[in-house]
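The structure under discussion appears below in the form of structure tokens.
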Amino acid sequence: MDSFPTFNFLTLKLVSTLYLVGTPIGNLEDISLRALNVLKQVALIAAEDTRTARQLLAHFQIHTPVISYYEHSKVSKLDRILATLETGDVAVISEAGMPGLSDPGYELVHAALALGIRVTPIPGPSAVLAALVGSGVAADKFYYLGFLPREPRARRKLLESVAAEPLTLIAFEAPHRLRDALEDMEKIFGTREMCAARELTKMYEEFLRGPIPQIRQHFQSTEPRGEFTLIIAGQTTDRRRQTADETPWDEARIRREVRALLQKGVPRTEAVKRVARLSRRERREVYELSLKESR
């Protein structure tokens, strides 16, 4: 990962601002007054999807120039956006929700910061948080996975890597891949509770809650429609078992648990962290034991 940009604050001159503007994920009434004012006042709007952006701007009678900025155009459009920021403010909007999450906004933010340009978020709707708080699954701590990989093997590898994670899991999935994703989840996560949220804030908004097998069976007979946000309960079996019998993990069990995670493709550092948390041992101790196992 690139190092965070640094600069001399004594010579830094902030002449403009890059705004990260949250836009509706469905219902246009969810946009904030602050967001509308910013979109009206900036010199340029960089949009992940210009068609969606123009519909939004037309609805609120905003006539600010728009430029496309998406995954495959980010390199060619970056220079123009940065040039605009030399003399005026720019707003970034994603297709829906907050920019910078699962879109190319990160690269633009990093480049702007490196040039001493101020970056300001304008909070707005988020499918991640909307689905989480409405799911009925624990929302105090969560692990955001973004879009699940399109390739089945990569998807299964990702799901297996978080199978022992006690935090609530959140992922996006397209309707045409939902059935396969749910089948993988049932094989890997078993009967955990989950929620499949679709069409959030729209007319046909729906929250389907229940054990993973029940949700999977529902979509065997019902065609998945709309973009899905999936909320899956974290793994708690090992923690409940340990709390119930209060039996400390011995070295053999620690090595066995680390080995099982490594075989699933989990990086050693991550496997050590998880086992240390579940066994209530120091990470260094678990790490050393894992190295003995591999010799």
Side-chain angles (χ1 to χ4, degrees), residues 2 4-5 7 12-131 144 146-147 172 174 198-203 205 226-229:
D2 295 335
F4 196 78
F7 22 58
L12 182 63
K13 182 179 179 182
L14 295 176
V15 296
S16 56
T17 300
L18 177 68
Y19 290 101
L20 307 176
V21 182
T23 54
I25 58 177
N27 193 319
L28 294 181
E29 294 181 2
D30 288 337
I31 196 166
S32 71
L33 293 176
R34 186 185 179 199
L36 291 175
N37 287 332
V38 167
L39 293 176
K40 291 176 183 177
Q41 295 170 7
V42 295
L44 180 69
I45 296 173
E48 182 183 15
D49 187 320
T50 55
R51 293 171 298 179
T52 302
R54 290 194 171 96
Q55 291 174 0
L56 173 70
L57 298 177
H59 181 84
F60 291 104
Q61 299 182 351
I62 297 174
H63 306 291
T64 305
V66 179
I67 186 175
S68 64
Y69 185 73
Y70 59 98
E71 185 64 30
H72 300 294
S73 73
K74 61 185 180 183
V75 175
S76 61
K77 300 298 177 65
L78 182 61
D79 288 343
R80 176 180 170 182
I81 296 171
L82 294 177
T84 302
L85 283 165
E86 292 181 1
T87 57
D89 297 335
V90 173
V92 180
I93 61 176
S94 65
E95 183 176 358
M98 283 299 297
L101 291 173
S102 301
D103 65 35
Y106 162 76
E107 288 92 339
L108 179 54
V109 169
H110 195 273
L113 290 174
L115 293 175
I117 296 167
R118 180 173 62 184
V119 175
T120 299
I122 308 298
S126 167
V128 171
L129 296 181
Y144 173 59
F147 286 94
F172 292 147
R198 71 179 192 92
E199 298 294 275
L200 290 167
T201 78
K202 300 178 183 178
M203 180 180 297
E205 175 183 271
E227 297 299 319
F228 285 83
T229 305

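The shortest heavy-atom contact between Glu48 and Glu95 is OE1-N, 2.8 Å. Closest heavy-atom contact between Ala130 and Leu200: CB-CD1, 4.4 Å. Scanning all heavy atoms of the two residues, the minimum distance from Pro123 to Arg34 falls at CD-NH1, 4.0 Å. Nearest heavy-atom pair, Ala43 versus Pro65, reported as atom, atom and distance to 0.1 Å: O-CD, 3.7 Å. Minimum heavy-atom separation, Pro125 to Pro24: CG-CA, 3.9 Å. Nearest approach of Leu18 to Val109, heavy atoms of both residues: CD2-CA, 4.2 Å.
Applying the side-chain contact (heavy atoms from CB on, under 4.5 Å) rule to Arg54 yields the partners Thr50, Val66; only residues at least two apart in sequence or on another chain are considered. Residues that satisfy the salt bridge (charged side-chain N to carboxylate O under 4.0 Å, His left out) test with Asp49, not counting sequence neighbours, are Arg51.
At a threshold of 4.5 Å between non-hydrogen side-chain atoms, the residues Tyr69 and Glu107 count as touching. In this structure the side chain of Val90 never reaches within 4.5 angstrom of the side chain of Tyr19, judged on heavy atoms. Residues Ser16 and Glu86 form no side-chain contact, since every pair of their non-hydrogen atoms from C-beta on lies 4.5 Å or further apart. Side-chain atoms of Phe172 and Val128, non-hydrogen and from C-beta on, do get closer than 4.5 Å to each other. Side-chain contact between Ile67 and Arg80 is present, with heavy atoms from C-beta onward closer than 4.5 Å. Considering only heavy atoms from C-beta on, Leu82 comes within 4.5 Å of Leu115 through its side chain. Under the 4.5 Å side-chain criterion, counting only non-hydrogen atoms from C-beta, Ile117 is not in contact with Thr17. When side chains are defined from C-beta on, Leu56 counts as touching Ile31, because their heavy atoms get closer than 4.5 Å.
A distance of 7.5 Å separates CZ of Arg118 from CG of Asp89, quoted to the nearest 0.5 Å. Atom CG in Leu44 sits 5.0 Å away from atom OG1 in Thr84 (nearest 0.5 Å). To the nearest 0.5 Å, atom CD of residue Glu227 and atom CZ of residue Arg198 are 11.0 Å apart. The distance from atom CD1 of Ile122 to atom CG of Leu36, rounded to the nearest 0.5 Å, is 11.0 Å. Interatomic distance, Leu129 CG to Met98 CE, rounded to the nearest 0.5 Å: 10.0 Å. The CZ atom of Phe228 sits 8.0 Å away from atom CD of Glu199, with the distance rounded to the nearest 0.5 Å.
Side chain of Ser94 to backbone of Ala96: a donor-acceptor contact under 3.5 angstrom is found.
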| message | For Leu20 and Thr120: C-alpha separation, side-chain torsions, deciding distance, then whether side-chain contact (heavy atoms from CB on, under 4.5 Å) applies. | response | CA-CA 6 Å; Leu20 307 176; Thr120 299; over 6 Å; no
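Between the side chains of Thr64 and Lys40, not a single donor N or O lies within less than 3.5 Å of an accepting N or O.
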